[in-house]
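To start, the structure itself, in structure tokens.
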Amino acid sequence: MTILYAVTIGVLFACGTYLVLRRSLVRLIIGLSLLTYAANLMIFTSGNLQQRGTPIAGETQPEAMADPLPQALILTAIVISFGVTAFTLALGYRASQAVGGDDLDAMQTTDQEELT
Amino acid sequence: MSPLIIAPILIPLITGFSALLKRRGRRRVAFALGMSANLIAAVLMMASTFDGTILVSQMGNHPMPFGISLVVDPLSAIMLLLTAVMAFLVGIFALATIDANRERFAFFPLFAFLIVGLNFAFLTGDLFSLYVAFEIMLMSSFVMVTLGGERGQLEGGIKYVTINLISSTIFVVAAGLTYTVAGTLNIAHLAIRFSELADPGVTLVLAGMFLIAFGIKAAIFPLFFWLPASYHTPPIAVTALFGGLLTKVGVYAMWRMLILVLPAATAVLQPLLIVISILTMIVGVLGAVAQMDVRRLLSFHVISQIGYLLMSLAIGTSEALSAGIFFMVHVILAKTALFLISGVVHEFEGSYHLKYLGGVTKRHPGAALMFFVAALALAGIPPFSGFWAKLLLLRAGIAAEQYLLVGVGFAVSLLTLYSMIKIWNEVYWKPNGKASNGAHASPLTKIERRAMIGAAAVMVALVFALGIAPEPVIELSNRAAADLFPTGTQQSGYVEAVVAASADIGGLSE
């Protein structure tokens with residue numbers, strides 16, 4: 001189970017990085033969300049990948065409890081990445097309208113000298 | 001425990017929502033009142049921690065590793081007060097200068113939410129809350145950078161958003177790994193756990209990840225390219241706020257994580273930190289010297305100053321950290337003042353470009369005087385604040401026998417002075433620029449003009465005051481720095497305070 005998770009996380013990170021390095025804006029955004037998926041899965045593994053009891057005090061012995069914290073953390077991270085992805089999509093749309101295409105190499109004017 | 005401790009989060013949050021009001025007048029009043037209340041809360045916070053007291057509050061009254069700690073040590077109090085002063089003055093500046101269209105699309109609520117994120121980051125004693133605070137701050141800053149939708153803003157925005165999201169991903173992975181290794185996310189608890197944990201490999205990996213994650217946000221070499229590509233694109237009020245505060249939060253987080261939680265790994269990383277610090281200083285200032293746009297020039301200076309702040313981490317002694325904290329106070333005030341002044345000059349002359357400007361000394365001696373004070377303060381000419389900041393930092397470097405760092409610090413100071421003289425010569429001293437005749441038609445009313453000049457003038461006055469009377473701030477920095485270092489067999493003051501507060505409400509039960 002752990003190996004499966006490790007490979008999945010690795011593949012997600014690799015794909016995410018590859019897509020972020022592409023010239024297309026859409027691929028960049030997909031790559032960014034893949035990276036956050038990988039990060040979320042990574043946190044998931046920190047809670048031990050074993051079947052354990054429901055973490056309710058008084059009902060389950062503390063030794064037999066599953067760790068609920070990583071799931072709470074992931075939930076927070078998912079909500080945040082959802083909002084951020086929505087924003088990047090909107091930003092990407094506006095930027096592609098302003099630049100006239102989704103080529104990231106066309107977006108270099110801010111690094112050049114402006115005479116205003 | 002004091003209810004005051006939550007005020008710096010609640011006040012801007014409420015301000016943010018009230019600034020969504022429909023009527024323009026009410027919106028503005030709500031925003032102004034909120035930022036004033038935030039300033040008062042920060043002053044009170046500073047007053048109650050000035051003698052070295054550390055305020056701790058456990059959320060939900062749960063003891064330490066289970067409840068989230070909110071901690072105000074002198075370092076947090078300094079950062080909170082700086083943020084509040086900045087938010088107040090830049091807020092006034094923004095009220096005067098932000099155009100109606102940006103205001104209609106919720107500029108002021110975003111401003112307030114940015115302050116929520118900043119204050120939360122300075123207050124929290126929990127690693128994951130720090131991540132959440134960073135996200136609140138980033139999300140507001142993403143929208144503030146791109147609000148207005150000009151082509152440059154969108155292009156700069158994409159770079160800014162992408163690199164910051166990657167940094168956040170690294171941060172959250174590092175936080176997850178920290179939890180796997182230490183089984184806790186409370187910063188004080190982590191410091192205790194890592195001082196017992198004797199696996200140098202794991203802590204080194206974590207320290208490296210935190211260095212990269214916070215390094216991207218702080219714009220250290222070689223992770224800074226997003227900053228000069230995006231910071232000059234939004235309106236100058238936004239640039240001033242970002243250039244003054246946002247990168248500094250990265251440095252603050254580095255101090256917290258690397259000095260307080262992972263000191264052993266940081267000691268191993270020292271040679272790397274020294275190299276990064278040197279290159280950040282040099283590349284930043286050389287980039288600045290080459291620029292012809294005032295905003296881009298100052299943006300590169302932000303990077304160079306981050307190098308100085310990193311120097312305190314690279315030297316790694318309590319003395320150096322204290323100097324770094326003083327430097328932080330100085331550079332936030334001086335850098336914001338310079339951005340605001342360039343905004344004022346733009347208002348008079350209608351340009352940010354060195355070739356197009358000229359003759360400002362003759363037409364607006366007041367603006368020239370303000371620039372003169374702030375620029376000399378940044379370069380480190382006595383008796384201005386930069387002199388004390390650099391003196392303390394270089395003295396700490398000599399005491400720790402880091403002569404290379406000290407030498408580079410001196411040289412970069414000279415280059416800073418050179419680039420400031422370049423602005424002075426081009427904008428203020430030379431008779432006239434290509435386009436400047438002093439007859440720039442501005443949409444601002446007389447009151448708005450006065451408000452923006454007033455905000456810049458108060459900022460300069462603060463820089464000047466810090467240079468004339470640095471003693472209280474130096475003492476405060478000393479106390480703030482001492483709290484992050486363990487003394488003898490005892491844990492650091494920060495950790496002791498959080499443990500004591502948890503013991504009061506039921507103790508550390510595992």
Side-chain angles (χ1 to χ4, degrees), chain A residues 9 13 16-17 20-21 25 28-29 31-48 62 67 69-70 72-74 76-81 83-88 90-100 102 104 106-116, chain B residues 66 128-129 131-132 134-136 138-139 142-143 145-146 149-166 168-181 183-185 225 228-233 291-293 295-296 350-353 355-356 434-435 510:
Chain A
I9 294 167
F13 266 123
T17 312
V20 166
L21 293 175
L25 186 57
L28 169 77
I29 295 170
L32 284 175
S33 27
L34 282 188
L35 285 181
T36 56
Y37 297 158
N40 290 344
L41 271 185
M42 187 112 179
I43 304 174
F44 191 67
T45 57
S46 69
N48 252 341
D67 189 349
L69 193 70
L73 300 184
I74 294 169
T76 316
I78 287 175
V79 172
I80 291 173
S81 67
V84 169
T85 308
F87 175 75
T88 43
L91 175 65
Y93 176 64
R94 289 285 286 111
S96 65
Q97 275 188 328
V99 178
D102 84 333
L104 286 169
M107 305 191 179
Q108 293 176 341
T109 51
T110 61
D111 281 324
Q112 288 148 10
E113 211 51 67
E114 281 170 85
L115 298 177
T116 43
Chain B
F66 305 112
F128 202 78
S129 309
Y131 165 71
V132 175
F134 268 65
E135 288 300 317
I136 298 175
L138 282 179
M139 201 62 213
F142 289 166
V143 187
V145 162
T146 51
E150 290 159 25
R151 179 172 172 169
Q153 283 190 304
L154 293 169
E155 290 182 15
I158 283 184
K159 290 164 197 168
Y160 179 75
V161 169
T162 307
I163 193 74
N164 274 297
L165 286 183
I166 291 172
S168 293
T169 309
I170 298 173
F171 183 11
V172 81
V173 168
L177 287 180
T178 306
Y179 182 70
T180 317
V181 174
T184 181
L185 284 168
F225 291 99
S230 62
Y231 265 25
H232 65 286
T233 55
Q291 298 305 315
M292 289 307 279
D293 182 308
R295 293 170 301 173
R296 283 175 63 92
S351 176
Y352 289 112
H353 200 274
K355 280 274 170 286
Y356 283 64
K434 272 188 197 161
E510 299 220 13

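Each chain gets a letter, A, B and so on, in the order the sequences are listed, and its residues count up from 1.
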Proximity breakdown for [X] and chain B, heavy-atom pairs closer than 4.5 Å:
{"X": "A/Ile29", "value": "neither"}
{"X": "A/Asn40", "value": "neither"}
{"X": "A/Leu73", "value": "both"}
{"X": "A/Ile74", "value": "neither"}
{"X": "A/Phe13", "value": "side chain"}

Fill in: When A/Thr88, A/Thr76, A/Val99, A/Thr36 are compared by non-hydrogen pairs under 4.5 Å with chain B, the top option
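Looking at each of A/Thr88, A/Thr76, A/Val99, A/Thr36 in turn, A/Val99 comes out on top.
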Is chain A contacted by the side chain of [X], its backbone, both, or neither, given a heavy-atom distance below 4.5 Å?
{"X": "B/Val161", "answer": "side chain"}
{"X": "B/Leu185", "answer": "side chain"}
{"X": "B/Leu138", "answer": "neither"}
{"X": "B/Phe142", "answer": "both"}

What's the shortest heavy-atom distance between [X] and [Y], and which atoms?
{"X": "A/Ser46", "Y": "B/Gly176", "value": "CB-O, 3.7 Å"}
{"X": "A/Leu35", "Y": "B/Ile166", "value": "CD1-CG1, 4.2 Å"}
{"X": "B/Leu154", "Y": "A/Arg94", "value": "CD1-O, 3.7 Å"}
{"X": "A/Ala39", "Y": "B/Val172", "value": "CB-CG1, 3.7 Å"}

Worksheet item: Quick one: of B/Ile136, B/Thr162, B/Ile170, B/Val132, who has the most non-hydrogen atom pairs under 4.5 Å with chain A?
Response: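 Option with the greatest count: B/Thr162.
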Worksheet item: Looking at B/Arg151, B/Glu150, B/Glu155, which makes the most heavy-atom pairs under 4.5 Å with chain A?
Response: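 Heavy-atom pairs under 4.5 Å are most numerous for B/Glu155.
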Discussion item. Does atom CZ (A/Phe87) have a neighbourhood of more than 12 heavy atoms from anything else shown, all under 6.0 Å?
Written reply: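 For A/Phe87, atom CZ is crowded (more than 12 foreign heavy atoms under 6.0 Å).
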Practice prompt. Show your working on side-chain contact (heavy atoms from CB on, under 4.5 Å) between B/Tyr131 and A/Ile80 and close with a plain yes or no.
Written response: CA-CA 10 Å; B/Tyr131 165 71; A/Ile80 291 173; 3.9 Å; yes
Fill in: Qualifying residue, where the test is side-chain contact (heavy atoms from CB on, under 4.5 Å) with A/Leu91 and the options are B/Val143, B/Val145, B/Thr146
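Option passing the side-chain contact (heavy atoms from CB on, under 4.5 Å) with A/Leu91: B/Thr146.
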Worksheet item: Quick one: CE on A/Met42 to OG1 on B/Thr180, what's the gap to the nearest 0.5 Å?
Response: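 Nearest 0.5 Å value for the CE-OG1 distance: 7.5 Å.
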Practice prompt. Show your working on side-chain contact (heavy atoms from CB on, under 4.5 Å) between A/Asp67 and B/Tyr179 and close with a plain yes or no.
Written response: CA-CA 11 Å; A/Asp67 189 349; B/Tyr179 182 70; 2.4 Å; yes
